[in-house]
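Written below as structure tokens is the structure these notes are about.
Only a predicted model underlies this, so the values are computations on that prediction, with no experimental measurement involved.
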Amino acid sequence: MASTQHGPDANASVVVARDDSGNVAILSAPFPQYGGEYVFLPGGRQEPGENAEECARRELAEEAGVSAESWRHLGTYAVSLNGPAQLSLYLAEDLTVGEQQLTDTEVDFKLAWWPMDDAIQAADEGRYLLPGGPLALLLADRAIRQRQAELKE
């Protein structure tokens, strides 16, 4: 059974939010316990009663102030071998940008819009604390390239 509780066994979602210019929403914040500032994608744990996409939509709105018309599920992966938690990855496009709705634990989150290649380069440089963001970026980039190739045919 899928977990919807808080804590290490909670399911979560991560979102690659891509605007019409091809830039993606990147958040940054200090994590002194891990030695500095890191970048990450909007996302977080499911609230009770939420499914993965509802979680992704809520987290994107809260952390980036963004809503999206187009959603593509990129895959769902185990968080670890030690529990039932799953991480669902999404590509969100056709965006409407508003104000961030940060919670008390998110007040240090800074939002920036980066070209996809720069966001992927940050993964190469080890600038992400958690692996879900880089995986989501690579899968989103592949999906976008496949779509563009199909449109050229």
Side-chain angles (χ1 to χ4, degrees), residues 1-19 23-114 116 118-144 146:
M1 180 175 151
S3 172
T4 57
Q5 63 192 24
H6 285 285
D9 289 339
N11 292 334
S13 297
V14 170
V15 183
V16 176
R18 182 176 177 267
D19 70 13
N23 295 321
V24 296
I26 299 291
L27 296 162
S28 63
F31 290 91
Q33 68 273 36
Y34 296 105
E37 183 161 299
Y38 288 88
V39 297
F40 50 98
L41 299 180
R45 294 185 178 124
Q46 287 181 11
E47 297 290 337
E50 274 185 332
N51 65 35
E53 186 176 319
E54 291 166 342
C55 173
R57 288 176 182 270
R58 177 183 51 75
E59 291 288 350
L60 182 61
E62 289 176 2
E63 294 180 353
V66 172
S67 61
E69 290 296 317
S70 174
W71 287 85
R72 180 174 178 166
H73 182 246
L74 300 170
T76 299
Y77 301 87
V79 173
S80 79
L81 297 176
N82 299 323
Q86 294 184 326
L87 179 64
S88 296
L89 309 176
Y90 291 90
L91 170 61
E93 296 178 296
D94 300 319
L95 307 180
T96 301
V97 179
E99 295 293 320
Q100 288 174 284
Q101 305 162 27
L102 301 175
T103 66
D104 291 343
T105 61
E106 300 167 339
V107 293
D108 292 334
F109 289 10
K110 295 179 185 82
L111 174 65
W113 292 89
W114 293 10
M116 179 73 81
D118 291 355
I120 292 171
Q121 179 64 36
D124 288 339
E125 296 167 357
R127 295 177 58 196
Y128 291 84
L129 185 60
L130 300 170
L135 178 58
L137 286 165
L138 293 172
L139 293 171
D141 186 58
R142 184 180 72 185
I144 292 162
Q146 286 175 341

remark   = Taken to the nearest 0.5 Å, the spacing of Asp141 CG from Ile120 CD1 works out to 4.0 Å
task = First locate atom CG of Asp94, then atom CG of Asp19, and finally report the distance between them rounded to the nearest 0.5 Å.
result = 11.0 Å
inquiry  = Is it the case that over 12 heavy atoms from other parts of the model lie below 6.0 angstrom from the CD atom of Glu69?
reply    = no
Could you list the donor-acceptor pairs under 3.5 angstrom formed by side chains in residues 23-41, with sequence neighbours left out?
from, atom 1, to, atom 2, distance (Å)
Tyr38, OH, Tyr34, O, 2.9

query = What heavy-atom pair brings Val15 and Ala92 nearest, and what distance separates the two atoms?
reply = CG1-CB, 3.7 Å
note = Here the pair of heavy atoms bringing Trp114 nearest to Arg127 is CH2-NH2, 3.6 Å
Test log, rule side chain to side chain contact (heavy atoms under 4.5 Å, CB included), inputs Gln146 and Arg142 = CA-CA 6 Å; Gln146 286 175 341; Arg142 184 180 72 185; 3.9 Å; yes
Chi angles and distances behind the side chain to side chain contact (heavy atoms under 4.5 Å, CB included) call for Val16, Met116 = CA-CA 10 Å; Val16 176; Met116 179 73 81; 4.2 Å; yes
query = Salt-bridged, Arg57 to Glu53, with N to O below 4.0 Å?
reply = yes
key: Heavy-atom closest pair, residues Asn11 and Pro84   = OD1-O, 4.0 Å
remark   = Here the gap from Leu95 atom CG to Trp113 atom CH2, rounded to the nearest 0.5 Å, amounts to 5.0 Å
query = Between Ser88 and Thr76, which heavy-atom pair has the shortest distance, and what is it?
reply = OG-OG1, 3.1 Å
task = Would you mind reporting whether Leu137 and Tyr128 have side-chain heavy atoms less than 4.5 Å apart?
result = yes
message = Looking at Glu99, I want to see if its CD is surrounded by more than 12 non-hydrogen atoms of other residues, nucleotides or ligands under 6.0 Å.
response = no
ask   = Step by step, would you call Ile144 with Leu91 a side chain to side chain contact (heavy atoms under 4.5 Å, CB included)?
value = CA-CA 9 Å; Ile144 292 162; Leu91 170 61; 4.0 Å; yes
request  = To the nearest 0.5 Å, tell me how far Arg45 CZ sits from Leu87 CG.
outcome  = 11.0 Å
task = Look up atom CG in Asp108 and atom NZ in Lys110, then write down how far apart they are to the nearest 0.5 Å.
result = 6.5 Å
Neighbour count >12 (heavy atoms, 6.0 Å) for atom CZ, Arg72 = no
query = Out of Glu50, Glu106, Gln46, which residue meets the side chain to side chain contact (heavy atoms under 4.5 Å, CB included) rule with Glu59?
reply = Glu106
task = Supply the atom-to-atom distance Gln100 CD to Glu63 CD, rounded to the nearest 0.5 angstrom.
result = 8.5 Å
Side chain Ser13, main chain Ala52, donor-acceptor under 3.5 Å = yes
